[in-house]
Each structure stands twice: as structure tokens, then as C-alpha cells.
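Here is the structure we will look at.
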Number of protein chains: 2
Amino acid sequence: MESVAPRTSSARSRPATAEDVARLAGVSRSAVSRTFTEGASVSEATRQRVVEAARALKYRPNLMARSLMTNRSFMVGVAVSHLDNQFYPEVVEQLSDQLGAIGYRVLLFITHGNTELDPMLDELLRYRVDALILASSSLSSALAEECRQGGVPVIMFNNTDLANRTPAVAGDNTHGAAMAADFLWAAGHRRFGFIAGIEESSTSREREAGFKDALRRHGADRPMRACGHFTFDGAMAATRQLLSAPTPPEALFCTNDHMALAAIEVARSEFGLTPGRELSIVGFDDVAIAAWPGFQLTTYSQPVAHMVARTVGLVKDALAGTKDGQCHHIIQGDLIVRASARRPATGIVRTPEGQEIWRRA
Amino acid sequence: MESVAPRTSSARSRPATAEDVARLAGVSRSAVSRTFTEGASVSEATRQRVVEAARALKYRPNLMARSLMTNRSFMVGVAVSHLDNQFYPEVVEQLSDQLGAIGYRVLLFITHGNTELDPMLDELLRYRVDALILASSSLSSALAEECRQGGVPVIMFNNTDLANRTPAVAGDNTHGAAMAADFLWAAGHRRFGFIAGIEESSTSREREAGFKDALRRHGADRPMRACGHFTFDGAMAATRQLLSAPTPPEALFCTNDHMALAAIEVARSEFGLTPGRELSIVGFDDVAIAAWPGFQLTTYSQPVAHMVARTVGLVKDALAGTKDGQCHHIIQGDLIVRASARRPATGIVRTPEGQEIWRRA
DNA sequence: GCCGATTTTGCATACGGATGCACTTTGCTG
DNA sequence: CAGCAAAGTGCATCCGTATGCAAAATCGGC
């Protein structure tokens, strides 16, 4: 019988290994390895031969195998709850770019706001990611501790973990929300509405506290409050609830842009209100859509590129073993003034980039 | 000298290995391995002891090491050009979910529409991904061939590669664009505008051909044309160009929603036109924002979940070695009728889900 | 209680590449 | 040209897991 079929050209051949390259180049495996290892000692002559042989065989070092020895996978796990909030695609894109620039790839992981995501993260850790970035997701203190012991740095993004001292990078929630309050107060508003995100989220809580404390300092009444759960539909419902009240608020602060955009939509389409005239709306994040002509959302910016840069910096430090003293890294933003909220008489300045921002008196 | 410092509890200890677990459980490494291998032969007794020991040591199988043996990394490379077009975050999220459901993780990779992305994909292949999904990105035929020989299935998403017969999943570009043309014609429009995406893109070309052919069948004049490069700013400029013409078009077809939304913004804010009244605008994709009250974009839908399901199906088949006869998989959508374009007198039906769609007479 | 059939189990090896070590080659100085 | 330091090289070993094979244990049936 002729069970051994001749290998056709379409036969899926195994990729070339360092061994193959070494044989073709007439050197040892070590030489090949060193050729592809930054800073290893190889003569120019052998390097050339190896490179040539490698190209001929279409050799590509197997990073899985390499990671076994080096204990570095050059992958970073990124957990993000959703991608429908426009903020997070920007974050993911920046993370991918900036991590890519230092040789790391993103192993993506979407949690769907699942509170019980430990089992999934657990699986992610099997991939031996070099670090874990949790964008708006959190993990149990047990798993966090396990990561620490296992030498996997965990960094939270746009969310902080008060109980456990996990390093975190976030916008200046308290300051930003206070700015929003001050801004609306300066514009002459006296009846406020507030739309919360997820009740348990540190982000939402800090923004709520910042907003309310600032209002209190001005002697304002407590704002009306509804919860939008950081979702578009939730924010639509919350907006309806607030605007349907007997004496609806004149000014609305939403804990993120995603919800602020929902509020604008509902105010316009269901209540006939023009944001910036009959109703002021302020958001938080400054996503790209906020600048669209049809929204012109006034919002406190979270400079994604800076925040990600800091995050990547923390990853690098942690990987280099540098001890990180400071735990929570707060990145300042600006209150970007557009048209969705009434403008105060004073305090608006124009940046060199042509953006209008508000400075407290 | 006391060079050997006592290990503090905060010392970053190496994660437990199968060896450690075996020792604690009093069995061999093989037993541990088999316990964590689906369908391997282990007695219930030893399995229990291993599981217990594993839990005690917080053992997690090292997938890197496993992939060395099995030649499976359980990672799929996903290349996407941008995340600012709202369509792609939806795609990435679905891919992550549906691949996750069958045990695969997404190694993300953002190409920025870079035409020369071979070097980057090349790097991605070092990670020995089990498959490569190219969402709106393409790779050279040389690299495609290399992947095929290396046994790495490549699947294109929402983009096809005419020259090389790379398997692809896409919406029904020709049919969808023709539907848009027929719909606008049926609504009584006679002067058309067309906004192209990236000139080289198969997606844009097919939609352009479908649109123009259908118009020709109706005996319409050639539409005015501008190129928006699939970007928001590009589409804004293109819209300005078309609407500034001496006799501007009455109806605009944009090759995706991202650009259609830009067109709506420009029409409203710069030309004072109300979409659906003085100007009809039709898009392609049916992204979430298209349904927002402020846009109400009429558009041909690309059912992301179905498209991704098919894509994942192709990945599974390819990995199982099933030969895939059909190369291009076209997924049907519907023309979702909203308010951004004038409605024809006939043909609009309501789906059980409460969505209005248009059926050609 | 014995024997053959079936599971379990451990041993040894393989996967692909990095690296300490000892050895060889090269380069440079006097 | 000798002598020595520095650079380059190959060998052997290791990383953490899967798996074929043969030995051992278990099982069932008489």
C-alpha cells in the first residue's frame, strides 16, 4: 500500500526553527539565538549568514518558546468592560499603540461589566501576561494579591480600588466634577441634576462627591439625582426621570460623556429643549463625538494619551522592578467649553490649540 | 557576609509549576498534566489530590509551555485599522466574545490604515497565533502565502482580497448599495451624490459599483462623487464639496455610517439642511449611533454578530482542517429605514422587532 | 483466588529557544 | 612576533508542559 502520500506544495509544513537555520547557515543554535537577541555577542560575519539563512527559511523566532526561558511574554492583558462607551476604544487604541512602541502586545479581554470576572482573569493569567491593565474593571483582592506574589503588575485605569492599594491611573475626578459645578454655578444656574454611573464605581462616586461638595460650598440646594449605570439607555431613562419632575433641573452633570450624549438626545428629542439654552449639560471625558457640531458638549477632559502614557510608564517601572511609591496617579484635565451648557460671563480662555477652556476665577 | 537575604513574604516568588504540584500531591508530573488535559486518563482519586494540591499552590498551567507541545496557542490575532469608526469596536467586542466562547483570546493589533503592515503582522506571527483575522486590513500576497504554508489560517473581515483567494466574510456590499440606490430613486430623488471610502478598498469599490449600477439601471445621471477616505474629517470635507456645488445633490449615499454621520453633521450645521427633508442621506453598517434620536440614519445593516459568527466558524473549520470550499462569505443585511432619507410611498415593512425595513417592489 | 483486559501511572523525551561556561578566535599592544 | 584581553562560539542545560510507551495497578468474571 502507498500510505505515504507525497508532500504537496500545499502541505502545511512546520515553520522553520532555529535548528533549521543553524544547519543551513552552518553554525550552532546558539549563534542563531544570539543573532536574534538584542545585545548578544555575535560577529558580523556569522550574523550575516544567519540572517540570510533565516530569510531563506522564513524563520521567525517562536515567542512562546522564548518566553519560557526569559519569563517574559511581551504581552499585556487589557481588561475593559465595554467598547460601546466611546471613551474605551480610544483607550484601547492608545494602549495598543504605546505598548506596541515598547514591544508589547495587547491581549484583549472584555468583561461586560461582569462583577465576577475573576475566573476570566484567572484564565488570562495562564497566558503569563507580563502585566494586567484593568480599564474600568476590578478584581478581587485575593486575585490581586496573587498577581502581586506572582510578579504580575496590575494597574487600574480610570477606576481605583480603595481597599487594596492597587496602583491606578485616573483623571482628576474630584477636581473635574467640582469644576463642572463651579462652571454651572458661575453661569447662573441654581437648580441642578446629577446622573450617576455605576453606584459601586469609584469613578462615579468621586465625581459625585466632587460635584456635590462644590455645590454645597456655593450654598446650592442638593441636586436631583438619577442613576444611568454608565449606559446609554440607562442615561436616557435617568434623563427622562429628571426632566419629568415638577420642577426639573436647569443644569445637568453626567458622570461621563457617553451618558451626557444620551441626555442631550433625550432633552432634544423628547423634551424639545436645546442644550445650552433651556438646559445646560456637562459631561466628563471629552470623547471625540463630544466635539461634533451637533453635540458641542461642554465636558471635563480626560487626556487619554497622557493617561495611557502614565499607565505604560507604570508598567515599565514595575517590569524593571522599580519600586513605585505613589499609588494613585491623577491626571489633570481641563473643562472644555463648548455649547451644551450656558457660558459664564467670565473665566473662559482660549488655548493655543484653539480650544476654549474655563479657569476658575 | 550575609549575602543570602531571607525571603520576605513580598518577595516575588515564581509561580507554581506542575512539578511543584506533583511533589505536593505525591504523584508524577504526568498525572498533573493529565488532570488539566481534557479527556486524559486519570483516576478520580489522583485527580482529586492533584486538584487540591494545585489549589493550595495556586497553580495555573503555563499556556506558553503548553503551546510549545501542542502547537496551539489559543490566541487569534485580530488586526483592525482604527477604532474610531464605531463599527469596529462592535466587531472587536463580538470577536472577543465569540472567540472567547470557544476558548480563544484576542491578540489585538491596530494598523492605523497603514498600507505597509506586513512588518507588524510579521511580528504578530511570532506569537504563533492560531489564526489571523484582518478586519479592514490586508496583507501582501507573499505574507498570505507564508501564513498558508505555515498553517495559520487568515480570514478577512469586511474587506476582500480579489487577487489572492483569502477567505473573507463581508456584508452584501453590492446588494446593499443597490438597495440604497433603489430606495432613493423610489423616494423620487433624481440627483445623487456619492461619498467613497478608501479608493483601493474592495469594500468601497463594491459599494460604489452597486450604487452606480443600480442608478444606471434606473436611467439616472451619474452621481456626483467625492472621497471621504472612511474618516470623519474626510467625509466632512467631501460633504462640503458636494453640497457646495452649483446644483448640489438631493440624495447622498455614503459608503459607511461613520461618514454618513459626518455628512449629517455638515449638512445640518454648515448648510442648514435637515436630513430627511431637504437632503436624503443613506449610510452603510447600522452602527449603534445611527439609531440615536438625533441621527435616525437610514442605512443598510451589517449584522455584526452574524458576520462574526461566520468568521469564527471559518476559524474553527480551518483549525479542524476542514477544507473550506467557498471563499467569500456574503452576509445579507437589511435596509433599515429611519428618518435621514425621504421615505418612498411603498415598500416599507415593519419587522417583528419593531424595526422598519425596505423591501424592493 | 486467578487470569486476561482495561485503566492508571511514571519515565523519558520532545517542543523551540536562551544562556552560563569553557574554549577558540580575534584584535591590540609593546 | 609574543602575549594578553576581549570577543565569538559551541556544548549542555534549562524553561514548563504534553505524550508515546511500557510497567503497574485495577477490574471483572469465572
Worksheet item: Only one of B:F87, B:F157, B:Y88 clears side-chain contact (heavy atoms from CB on, under 4.5 Å) with B:S136; which?
Response: B:Y88
Discussion item. Just the rounded figure in Å: distance from P of D:dT17 to OH of A:Y127.
Written reply: 15 Å
Fill in: Residues A:Q48 and A:E52: side-chain donor-acceptor under 3.5 angstrom
no
Item to complete: Can you sort out the partners of A:A309 under side-chain contact (heavy atoms from CB on, under 4.5 Å), two or more places apart, ordered by chain and number?
Response: A:Q98
Worksheet item: Distance from A:D161 atom CG to A:M156 atom CE, nearest 0.5 Å?
Response: 5.0 Å
Worksheet item: Could you write nucleotides 13-26 of chain C as a row of B, S and -, 5' to 3', where a protein heavy atom under 4.0 Å of any base atom gives B, of only sugar-phosphate atoms gives S, and otherwise -?
Response: BBBBBBBB------
Worksheet item: Which pairs, with at least one residue in residues 90-101 of chain B and sequence neighbours excluded, count as a salt bridge (charged side-chain N to carboxylate O under 4.0 Å, His left out)?
Response: none
Worksheet item: For the pair made of CZ in B:R23 and C1' in D:dG16, what is the distance, rounded to whole Å?
Response: 13 Å
Worksheet item: Tell me, which of residues 40-48 of chain B have any heavy atom that sits under 4.0 Å from an atom in DNA chain D?
Response: none
Discussion item. Among residues at least two apart in sequence or on other chains, which ones pass side-chain hydrogen bond (donor to acceptor under 3.5 Å, both in side chains) with A:S43?
Written reply: A:T46
Item to complete: Not counting sequence neighbours, list each pair that qualifies as a salt bridge (charged side-chain N to carboxylate O under 4.0 Å, His left out) and has a residue in residues 25-39 of chain B.
Response: B:E19-B:R29
Worksheet item: Relative to the ring of A:F74, is the ring of A:Y104 parallel (under 30°), tilted (30 to 60°) or perpendicular (over 60°)?
Response: tilted
